[in-house]
Peer 1: 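Please read through the structure below; I'll follow up with questions.
Computed over heavy atoms, backbone and side chain alike; hydrogens, waters and symmetry mates excluded.
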Amino acid sequence: MIYFAGEGRDEFKDWLRSIEAKWQKRWREARIFEADPDPSRPKYFLTVPYPYTSGPLHIGHGRTYTIGDVHARYLRHKGYNVLWPMAFHITGTPIEAISARIRMGDEEYIRLYRSYLKLYVKGEDEIDRLIERFKDPWEVMKFFSSVISSDFDALGYSIDWRRRFTTGDPEYNSFVSWQFIRLREKGYIVQGGHPVLYDVMEEQAVGEDDILGGDEIKPGIVEFTAVKFDAGEGRYLVAATLRPETLPGVTNVWVNPDARYVELEAKGERWIVSEEAEVKLRLQQHPVKRVGELRGRELVGLRVRDPLVGRSVPVLPGTFVDPDEATGVVYSVPAHAPYDYAALMDVKADPERFGVPRELVEGLQPIPIIRLPGYGELPAKEACERHGVRSQEDREALEAATEEIYKKEFYEGVMTAGPFAGLKVTEAKERTREFLFGRGLGFTFYEVTALKKPVVSRSGGKVVVAVLPDQWFLDFNAPGWKERGREALKAMAIVPEKYRKLFEDTIEWLDKRPCARKRGIGTRLPFDPQWIIESLSDSTIYMAFYTVIHRIRALGIDPSKMGVEFWDYVFWGKGDPDELAQRVEVSPEDLKGLREEFEYWYPVDHRHTMIAHITNHLTFFIMHHAALFDERYWPKKITLNEPVIREGTKMSKSKGNVIPLVEIPKVYSADWFRLYSVSAADLATVLDWRDRDVQTVGGRLRRFVEIFRMVAESEPSGERDVGVLARWLESRTASMLRQVDEMLANHRYRDAAIRAFFDHLRDVEIYLRYGGRDFGLLRKIFRSWAVALEPFIPHLAEEVWERLGGEGFVSLAPWPEPEEGAVRPELEEAFRVVERTIEDVNKILRTVRERKERLFIYLAPDWKYEIISRLEAELKPPISQKDAFRVASEFLRAHGKEAQHLIREFVGEQGAIRHSTPEAEREMFSALVDMIKDRTGVREVVIALPGEGVPDPMGKAKLAIPGRPALYLE
RNA sequence: GCGGGGGUGGCCGAGCCAGGUCAAAGGCGGCGGACUUAAGAUCCGCUCCCUAAGGGGUUCGUGGGUUCGAAUCCCACCCCCCGCACCA
């Protein structure tokens with residue numbers, strides 16, 4: 001029979017793959033996962049975020065989608081009409097950037113994409129052809145969405161593909177336009193200034209992946225405080241600092257003597273800054289005009305006045321000053337800034353060398369203004385000494401010293417001078433800024449920060465910070481929005497619950513968020529079409545789009561005719577459907593059908609994804625639903641899973657240890673992967689992909705198939721096994737069905753997979769080895785077992801189901817509900833009693849280190865079970881000996897010492913004596929004699945039932961207690 | 001720094017919310033055995049320390065506390081990981 005596993009490993013894998021392909025085809029042909037409204041059944045709308053189609057997915061994605069699929073499949077068994085749709089995300093810059101780089105001939109990228117293509121297509125020619133096509137972003141997206149959907153099919157995901165779309169489709173654009181128009185009407189969208197990284201050459205904003213060195217140098221934006229030092233006659237030397245609170249300690253101002261400075265006309269004033277700063281000021285929306293140029297050294301000796309305490313200080317030369325950092329002018333606080341301290345000492349030591357008149361610097365002394373625990377008056381001096389700073393050229397040592405002082409003073413320092421004396425540094429900093437800004441004496445100056453400078457874009461342009469004056473924002477702090485968001489969250493289930501706090505905090509922390517960019521793929525802002533809606537902002541309520549897109553397409557509605565009224569009607573039920581129908585050129589019935597389908601499926605019952613999405617996507621998902629929909633359409637539940645790592649290390653492109661999803665069915669198999677990825681870790685645990693463990697799961701899977709083969713090929717004898725082990729296995733099956741049901745309902749996927757597959761497989765093995773061979777019974781068990789296994793290993797389950805004569809697809813079979821009384825706890829406990837006894841025997845054997853041939857097992861007499869039942873019924877911990885003796889007094893009278901011994905045992909264990917019924921224990925021991933022999937290695941096992949007169953040379957029998965028979969080995 | 005999550009036996013990892021059945025599931029690794037010409041696969045046993053009969057001792061980051069009883073609750077401390085945005 002061809003579908004059975006062959007002998008070798010590869011044959012088994014081949015067989016698995018062949019049945020997987022077979023069932024995938026059958027599911028597709030029978031369209032069993034296409035979900036349509038059915039008022040007769042409860043609906044369940046499950047979504048997992050659509051993938052971004054810039055490259056192949058990996059097993060981390062696979063874990064998340066598999067969990068979603070397991071849940072969808074489980075709920076179909078529970079009678080739900082389950083909708084699980086999928087689409088593809090193409091919005092934003094990455095896909096466009098890929099094409100741009102391939103067009104530019106970027107070797108690194110071409111190599112990367114060739115390696116991706118190799119996963120899917122054969123032949124260098126074909127790869128070349130595709131790379132050529134990838135110069136068009138649409139082709140990138142088309143290719144990857146197509147292969148990703150094949151990957152999903154190959155893993156057996158039960159997706160309704162009719163609703164598939166991409167976020168670049170015209171219908172989607174119309175939908176997102178509606179969303180933004182309505183958000184704006186509600187006052188949730190505002191416009192304002194916003195700093196961004198900006199390529200001076202290309203004259204456009206850049207993201208991290210547009211920057212050379214990309215993710216390694218971590219480019220960012222930092223806020224300096226520009227401080228205007230009055231040079232008289234309307235001229236100001238504009239210094240910039242990260243520590244405005246140190247202004248009271250200023251002793252001088254530094255300029256780089258060799259750098260070029262410019263004098264700018266700004267708001268009726270003259271500002272002096274470095275030449276490099278000029279363009280930055282302009283980009284940051286300061287209208288400036290160059291009116292003069294000068295060398296840094298020309299400024300030396302100039303006296304300027306600080307705007308806070310009004311001290312007159314000289315301008316001095318500092319070679320450490322970088323003209324390309326902020327304004328290229330810094331003020332000096334030698335008491336608290338190591339650079340300033342070192343530079344000041346340099347100048348004072350040898351003024352001539354710096355071309356400074358001695359009298360200009362002679363009197364300059366550090367001015368302490370911050371008290372710092374653990375330091376003296378001059379923390380900067382101490383830090384310089386500790387780090388071995390010899391001059392202002394010791395960059396490395398100075399950086400270290402600066403970092404030390406900056407951090408310490410920021411968090412621990414207290415001002416001792418100036419208008420904010422007595423305040424903490426953090427507070428003084430804010431107050432100083434307010435003071436300066438309020439009086440026009442300072443402003444925020446944005447600068448690029450990075451681990452390595454200079455920061456240059458991939459196209460070679462210098463990257464600076466620009467302020468966009470007309471950036472569009474989602475204003476999460478708009479009146480009422482957050483309240484609704486909090487309410488929505490409150491009503492929602494979060495699984496695992498421990499992540500709820502993070503959602504709550506994220507909602508609080510949300511402020512204005514830029515929601516559009518000038519580049520990339522996506523939907524244009526309807527009210528300002530030069531902007532393209534940013535990719536997280538256009539993916540917040542798209543689950544609603546799934547409910548109708550397939551119908552819109554089937555009806556052939558022209559996207560350009562839809563307009564806001566169309567979506568108002570579909571989602572809000574607003575407007576006159578007859579009139580609208582005419583406008584979009586469909587029948588009123590068809591239009592109403594759209595509305596009805598939306599109403600049927602909404603709200604989203606369940607969204608599953610990875611925890612990384614909490615602080616962005618998922619919170620927006622909640623917020624936008626809160627903004628645009630009625631309470632009854634707010635999402636009901638979010639479940640989350642941690643990521644996947646491999647052999648203890650993170651997967652990353654650079655390490656080359658990423659396992660692409662497409663390889664899974666080739667190297668392993670769909671069911672194998674599914675079973676492993678669900679059983680190897682809880683939702684809240686990082687899944688460590690270990691090949692050793694994966695192999696173990698494969699081995700178990702194979703064992704399952706072998707047993708199934710035996711069962712399926714067997715001729716049912718017609719004779720029913722009524723032995724205790726058969727009854728035990730039936731009970732185990734019933735309890736498995738109950739437990740797995742409950743576990744899956746509560747998203748305990750790992751526990752469910754272990755119980756349904758591994759534990760139950762072991763039970764079946766035990767039955768086959770030590771019990772009977774009632775194949776009729778086993779067939780029955782396999783049939784309900786197949787349903788419980790179907791969410792995890794759907795292909796194998798279908799095979800089992802079909803082979804055993806199940807009707808239709810097991811994927812659609814109802815969950816088997818065990819009859820009342822099908823679970824027999826006393827049998828299951830009796831089995832455990834036997835297992836524990838085996839452990840005891842082995843412990844004895846190990847301790848005595850002697851070969852023993854024969855094992856006597858003496859079971860306790862009925863009256864001992866009666867004592868225990870009585871005590872259990874009447875006493876709860878803490879249990880005193882006195883109470884126990886009182887409760888069991890009649891037994892004490894009847895059985896004396898032996899009863900006393902038992903009661904003491906009970907008190908000692910505080911009632912925790914695990915046992916079954918006398919009948920079950922006796923039957924089970926008798927039935928499992930062979931298992932006891934196998935596992936202990938003794939040749940003969942004698943089960944001594946009470947009163948049977950079995951020899952008891954050591955008088956052990958009286959020590960027997962319920963759940964723990966007495967033992968004698970000889 | 002702020003916010004969040006954690007620290008369990010050689011390793012990974014359950015248990016902790018609802019304290020007792022916890023020397024602590026399961027897997028991996030290791031050791032021994034069965035099977036086999038052999039290897040692999042599979043199966044069985046063992047795998048903190050002591051122990052010549054199922055016993056005892058010491059363990060769940062560290063130190064205290066609550067309790068008849070703590071891996072589980074409380075306090076303090078130490079250490080690790082993640083997020084801090086306009087980016088998918």
Peer 1: Counting only side-chain heavy atoms from C-beta out, which of B:U21, B:A52, B:C86 sits nearest to A:Arg914?
Peer 2: B:U21
Peer 1: Quote, to the nearest angstrom, the P distance that separates B:U8 from B:A71.
Peer 2: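 Each nucleotide's P atom is 16 Å from the other's.
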Peer 1: Just call it for A:Arg832: base, sugar-phosphate, or nothing, with non-hydrogen atoms closer than 4.0 Å on any strand.
Peer 2: nothing
Peer 1: From the options B:A88, B:C43, B:G54, select the nucleotide whose nearest atom is closest to the side chain of A:Glu765.
Peer 2: B:C43
Peer 1: Could you tell me the separation between the CZ atom of A:Arg836 and the P atom of B:A24, rounded to a whole number of Å?
Peer 2: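 In whole Å, B:A24 P lies 11 Å from A:Arg836 CZ.
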Peer 1: Between B:A53, B:A88, B:G4, spot the one nearest the side chain of A:Asp505, thanks.
Peer 2: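 Closest nucleotide to the A:Asp505 side chain: B:G4.
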Peer 1: For A:Phe473, answer base if it contacts any base atom (sugar-phosphate contacts may also be present), sugar-phosphate if it contacts only those atoms, and nothing otherwise; contact means non-hydrogen atoms under 4.0 Å.
Peer 2: nothing
Peer 1: Identify whether any heavy atom of A:Asp759 sits under 4.0 Å from a base atom; if not, whether one sits that close to sugar-phosphate; answer base, sugar-phosphate or nothing.
Peer 2: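 Nothing, no heavy atom under 4.0 Å.
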Peer 1: Can you check the distance between B:U67 and B:G19, where both ends of the measurement are the C1' atom (answer in whole Å)?
Peer 2: 9 Å
Peer 1: Using the ring of each side chain (for Trp, its six-membered ring), is A:Tyr113 parallel, tilted or perpendicular to A:Tyr109, with breaks at 30° and 60°?
Peer 2: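 If you compare the ring of A:Tyr113 with that of A:Tyr109, the planes turn out parallel.
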Peer 1: Applying a 4.0 Å non-hydrogen cut-off, can you work out what A:Leu967 is touching in the nucleic acid: base, sugar-phosphate, or nothing?
Peer 2: base
Peer 1: Which part of the nucleic acid does A:Lys933 contact within heavy-atom distance under 4.0 Å: base, sugar-phosphate only, or nothing?
Peer 2: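 Counting heavy atoms under 4.0 Å across all strands, no contact is made by A:Lys933.
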Peer 1: Quote, to the nearest angstrom, the C1' distance that separates B:A14 from B:A85.
Peer 2: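 Rounded to whole Å, the distance is 35 Å.
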Peer 1: Nearest nucleotide by nearest heavy atom, which residue falls closer to the 5' end of RNA chain B, A:Ser535 or A:Lys501?
Peer 2: A:Lys501
Peer 1: Need one value for A:Leu845: base, sugar-phosphate or nothing, where a base atom within 4.0 Å counts as base even if backbone is also close, heavy atoms only.
Peer 2: nothing
Peer 1: If you compare every side-chain N and O of A:Thr696 against the phosphate oxygens of B:C28 (OP1, OP2), does one of them come in below 4.0 Å?
Peer 2: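 Yes.
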Peer 1: Is the backbone of A:Phe476 close enough, under 3.5 Å, to the side chain of A:Lys482 for a donor and an acceptor to pair up by distance?
Peer 2: no
Peer 1: Does A:Gly699 or A:Glu642 map to a spot on RNA chain B nearer the 5' end, using the closest nucleotide for each?
Peer 2: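 Nearer the 5' end of the strand: A:Glu642.
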Peer 1: Describe the nucleic acid contact of A:Pro49 in one word from base, sugar-phosphate, nothing, applying a heavy-atom distance below 4.0 Å.
Peer 2: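 No contact.
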Peer 1: Does A:Lys498 place a side-chain N or O at less than 4.0 Å from the phosphate oxygens OP1/OP2 of B:G6?
Peer 2: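 For B:G6, OP1/OP2 do have a side-chain N/O of A:Lys498 under 4.0 Å.
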Peer 1: Which value, in whole Å, describes the distance between the P atoms of nucleotides B:G7 and B:C73?
Peer 2: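 Result for the P pair: 11 Å, nearest Å.
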Peer 1: Of the candidate nucleotides B:C86, B:A53, B:C46, which contains the atom at the shortest distance from the side chain of A:Glu534?
Peer 2: B:C86
Peer 1: Would you confirm whether A:Tyr542, through its side chain, and A:Tyr50, through its main-chain N or O, come within 3.5 Å as a donor-acceptor pair?
Peer 2: yes
Peer 1: Output the single nucleotide from B:A88, B:A41, B:C87 whose closest atom is nearest the side chain of A:Arg692.
Peer 2: B:A41
Peer 1: What's the CD1-C1' distance between A:Ile614 and B:C87, to the nearest Å?
Peer 2: 17 Å
Peer 1: Heavy atoms under 4.0 Å, any strand shown: does A:Ala681 hit a base, just sugar-phosphate, or nothing?
Peer 2: nothing
Peer 1: Taking a pair as Watson-Crick or G-U wobble with both distances under 3.5 Å, which nucleotide is matched to B:G29?
Peer 2: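 B:U47 - that is the nucleotide pairing with B:G29, both distances being under 3.5 Å.
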Peer 1: In whole angstrom, what separates A:Phe704's CZ from B:U42's C1'?
Peer 2: 18 Å
Peer 1: Can you figure out which of B:C86, B:A14, B:C84 approaches the side chain of A:Arg750 most closely?
Peer 2: B:A14
Peer 1: Taking only N and O in the side chain of A:Arg935, is any of them less than 4.0 Å away from OP1 or OP2 of B:C46?
Peer 2: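 Indeed not, no polar side-chain atom of A:Arg935 lies that close.
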Peer 1: Taking the P atom in each of B:U37 and B:C22, what is the distance between them to the nearest angstrom?
Peer 2: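 Between the two P atoms, the distance is 43 Å.
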Peer 1: For the pair A:Trp531 (side chain) and A:Gln471 (backbone), establish whether a donor and an acceptor sit closer than 3.5 Å, ignoring hydrogens and angles.
Peer 2: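 The answer is no, because no donor-acceptor pair under 3.5 Å joins these two groups.
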Peer 1: If you measure from the Lys or Arg side-chain nitrogens to the Asp or Glu carboxylate oxygens, is any gap between A:Arg832 and A:Glu829 under 4.0 Å?
Peer 2: yes
Peer 1: Counting only side-chain heavy atoms from C-beta out, which of B:C46, B:A52, B:A88 sits nearest to A:Leu536?
Peer 2: B:A88
Peer 1: Let me know the distance between CG of A:Asn842 and P of B:G45, rounded to the nearest Å.
Peer 2: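 Roughly 7 Å, once rounded to whole Å.
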Peer 1: Give the rounded distance in Å between these two atoms: OH of A:Tyr499 and C1' of B:G6.
Peer 2: 10 Å
Peer 1: Rounded to whole angstrom units, what separation is found between the CG atom of A:Asp840 and the P atom of B:U21?
Peer 2: 16 Å
Peer 1: How many whole angstroms separate atom CG of A:Leu640 from atom P of B:G5?
Peer 2: 14 Å
Peer 1: What interatomic distance, in whole Å, is found between C1' of B:U66 and the corresponding atom of B:G54?
Peer 2: 35 Å
Peer 1: Can you tell me which nucleotide in B:A25, B:C28, B:A52 comes closest to the side chain of A:Arg690?
Peer 2: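 Between B:A25, B:C28, B:A52, the one nearest the side chain of A:Arg690 would be B:C28.
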Peer 1: Rounded to the nearest Å, what distance is computed from the CG atom of residue A:Asp763 to the C1' atom of nucleotide B:G26?
Peer 2: 14 Å
Peer 1: Say you pick atom C1' in B:G10 and the same atom in B:G30; how far apart are they, in whole Å?
Peer 2: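 So the two C1' atoms sit 9 Å from each other.
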Peer 1: Check whether any side-chain nitrogen or oxygen of A:Thr506 sits under 4.0 Å from OP1 or OP2 of B:G3, and answer yes or no.
Peer 2: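 So the side chain of A:Thr506 is outside the cut-off, no N or O lying under 4.0 Å from OP1 or OP2 of B:G3.
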Peer 1: For B:G1, which nucleotide in any strand shown is its Watson-Crick or wobble partner with both distances under 3.5 Å?
Peer 2: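 Matched B:G1 with B:C84 under the 3.5 Å cut-off.
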Peer 1: Minimum heavy-atom separation for A:Phe473 and A:Gly193, please, with both atom names.
Peer 2: CZ-O, 3.6 Å
Peer 1: Measure from the side chain of A:Arg769, starting at C-beta and using heavy atoms only, and say which of B:A88, B:C43, B:G54 lies closest.
Peer 2: B:C43
Peer 1: Report yes if the side chains of A:Glu905 and A:Arg964 come closer than 4.5 Å at any heavy-atom pair, otherwise no.
Peer 2: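 In short, these two side chains touch, coming nearer than 4.5 Å.
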Peer 1: Examine B:A14: is either OP1 or OP2 under 4.0 Å from a nitrogen or oxygen in the side chain of A:Thr685? Give yes or no.
Peer 2: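 Checking B:A14 against A:Thr685, a side-chain N or O does come within under 4.0 Å of OP1 or OP2.
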Peer 1: Compare the minimum distances between each of B:U51, B:C87, B:A88 and the side chain of A:Thr847, then state the nucleotide with the smallest one.
Peer 2: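 The answer is B:U51, which lies nearest to the side chain.
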Peer 1: Would you say B:C82 has OP1 or OP2 under 4.0 Å from some side-chain N or O of A:Lys650?
Peer 2: yes
Peer 1: Would you say B:U47 has OP1 or OP2 under 4.0 Å from some side-chain N or O of A:Arg846?
Peer 2: yes
Peer 1: Is any side-chain heavy atom of A:Ile95 closer than 4.5 Å to a side-chain heavy atom of A:Thr53?
Peer 2: yes
Peer 1: B:G15 and B:G6: how far apart are their C1' atoms, nearest whole angstrom?
Peer 2: 15 Å
Peer 1: Before accepting this row, confirm whether a basic side-chain N of the pair A:Arg854/A:Glu970 lies closer than 4.0 Å to the acidic partner's carboxylate O.
Peer 2: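 Salt bridge: yes.
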